[in-house]
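Worksheet for the structure shown next.
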Amino acid sequence: GGGGGRGGGRGGRGRVGSGGGTAGGNSRDLVDMLRRLDGGSYPAYHDIETGERSCWQFDAFALRIVRTQSDPYARPTRVRVTVPPASAGLPPQILAAKIRRTACADFLARRLASECRGAGGDVKMD
């Protein structure tokens, strides 16, 4: 690995202090960075962290990578996906009451987890 972020990351965008990462951009930027990091050390992946203030912007959603897994035994990577209601096609009445927002968020989180599993997002790579 070369210079860059914390732990020898190769992307050149490391973490800044304790405030989280500084990475972000569009989906193509993220794909390019992931290709560069592929096969690298766990700490190299800190370079894709956005923290809470920045994000990776996709067509219909924003992806925040709050924390990446720093080693095989560390806590899992923590992400946040934000989908504008209009992009999700949610009718306004679903978001009108707190209980409905909670139920909707729960459904969407479970659906996202299912889609990730179906795409191999939870598969351990050797």
| field | Test: D32 and R36 ion pair at under 4.0 Å | value | no
| field | Charged N-O contact under 4.0 Å between E52 and R80 | value | yes
Measuring only between side-chain heavy atoms, which start at C-beta, is [X] closer than 4.5 Å to [Y]?
X: Q69; Y: Y42; value: yes
X: S70; Y: H46; value: yes
X: L90; Y: C104; value: yes
X: P91; Y: I94; value: yes

| message | Would a single hydrophobic cluster contain both Y45 and V81, if residues Ile, Leu, Val, Met, Phe, Trp and Tyr are joined by side-chain heavy-atom contacts under 4.5 Å? | response | yes
| request: Check the pair W56 / M33 against side-chain contact (heavy atoms from CB on, under 4.5 Å), numbers first and verdict last. | output: CA-CA 11 Å; W56 298 102; M33 186 173 279; 4.3 Å; yes
Using modelled atom types only, decide if a donor and an acceptor are shared between the side chain of [X] and the backbone of [Y] within a distance under 3.5 Å.
X: T50; Y: I65; answer: yes
X: E115; Y: A119; answer: no
X: R100; Y: Q93; answer: yes
X: T102; Y: K98; answer: yes
X: E49; Y: G51; answer: no

